[in-house]
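Residues take their numbers from the sequence shown, with the count starting at 1. Every value quoted in this text rests on a predicted model; they were computed, and no experiment measured them.
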Amino acid sequence: DNARQEREDHLVIRNGMLLDGVLATGDVAVPDEVQKIAACAFYAPASSTASDLSSSTMTSITIPDEVTAIRFRAFAGCNKLKKVELPEALQELGANCFNGCSSLTEIILPKDVKSIEKGTFANCTSLKKLVLSENMEEIVIPAEGEEDPIPDQKGIFLVVPEKLTDISNLNLLRYENIRLYVVKGGAVQNYLEQKQFNRYDTYDSSTEEPTTEKDTSTTEKATEATT
C-alpha cells in the first residue's frame with residue numbers, strides 16, 4: 001500500500017524525509033509525516049530530459065508546519081512554481097534551494113530561518129517580495145564563481161519586519177537595485193539614513209501590514225534619484 005501511494009502522488013518518503021518529488025505536477029501537498037525535504041528532491045536541471053517532465057509543471061506546494069529543513073537545491077529548476085508557503089518550524093534553508101524558480105513572486109521567511117545561503121533565490125526573475133525573518137543574522141556574500149543569495153534586480157522589495165532591528169551584518173547595502181521596506185521611524189530607517197542609503201520605503205507597523213503594492217511610477221522616480 002505504501003509503495004502504491006508513493007506512485008500515486010509521485011513523492012518518495014522514507015523515515016520522515018521526502019527524498020524525491022521530481023514527477024510531481026500541479027498543486028502539490030506534502031504529507032504531514034514529512035519532517036525534512038532532501039537535497040535535490042524536486043530538482044531537474046535544465047540540461048536533462050527530466051526538465052521536460054512534471055517537475056517543471058509543479059505550480060504550488062503546501063509544506064506541513066512540522067518541516068524543519070529544506071536542503072540544498074531542493075526546488076531548483078522548478079520554473080513553473082508560483083507559490084510556496086514555508087512552514088513555521090523551518091530552520092534550515094539550503095543553498096540554491098529555489099535557484100531558477102523563475103515564476104516565484106513572493107517568499108516569507110519563518111522566524112527561525114537565520115541565514116540565506118549562496119544562490120538560494122538566484123535566477124528567481126519574477127520575484128517581487130521577500131520578507132526577511134525576524135531573527136535573520138546573515139545573508140551570505142558568495143565567493144567568486146558562486147551566485148548571490150538574492151538576485152539584485154529592479155522590482156524586488158526586501159521587507160524588514162518590525163522585530164528585526166539590526167541589519168548591519170546582513171550586507172544589504174551592497175545591492176544596487178533591490179529596494180528595502182522598513183518600519184517608519186524605526187532603528188533600521190535610522191541606520192539607513194546614517195549610511196546615506198536612500199533606496200527604501202517605509203510602512204507604519206501600528207496600522208498596516210508590510211505590503212509592496214505601491215505606485216510603481218513613484219518607486220521608479222525614487223530609484224532614479226538614488227542612482
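With rounding to the nearest 0.5 Å, the separation of OH in Tyr200 from CG in Leu172 is 14.0 Å.
Of the candidates Leu90, Leu132, Asn135, Leu90 is the only one forming a side chain to side chain contact (heavy atoms under 4.5 Å, CB included) with Val113. A side chain to side chain contact (heavy atoms under 4.5 Å, CB included) with Leu130 holds for exactly one of Leu109, Val159, Leu104; it is Leu109. The residue from Thr202, Val183, Asp201 that alone fulfils the side chain to side chain contact (heavy atoms under 4.5 Å, CB included) condition with Gln189 is Thr202.
Aromatic ring pairs are classed by plane angle as parallel below 30°, tilted from 30° to 60° and perpendicular above 60°; the pair Tyr203 and Tyr181 is tilted.
Under 3.5 Å, the side chains of Gln35 and Asn15 contain no donor-acceptor pair of N or O atoms. In this structure, a donor-acceptor pair under 3.5 Å is absent between the side chains of Ser102 and Asn79. A donor and an acceptor atom, one from each side chain of Glu138 and Ser115, are nowhere located under 3.5 Å apart. Under the 3.5 Å distance criterion, with hydrogens and angles disregarded, no donor-acceptor pair is assigned to the side chains of Tyr191 and Asp166. Remark: the Thr120 side chain and the Asn99 side chain contain no N/O donor-acceptor pair separated by less than 3.5 Å.
Taking the charged nitrogens against the carboxylate oxygens, Asp20 and Arg14 have no contact shorter than 4.0 Å, which rules out a salt bridge. Salt bridge Glu134/Lys111: absent, no basic N to carboxylate O contact under 4.0 Å.
Residue pairs satisfying the salt bridge (Lys or Arg N to Asp or Glu O under 4.0 Å) criterion with at least one member in residues 83-101, sequence neighbours excluded, are listed as follows: Arg71-Glu92, Lys83-Glu85.
In this structure, Phe72 is not a member of the same hydrophobic cluster as Ile63, with clusters built from ILVMFWY side-chain heavy atoms closer than 4.5 Å.
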Item to complete: Test side-chain hydrogen bond (donor to acceptor under 3.5 Å, both in side chains) on Asn198 and Glu193 and set out the steps.
Response: CA-CA 7 Å; Asn198 300 317; Glu193 290 178 350; over 6 Å; no

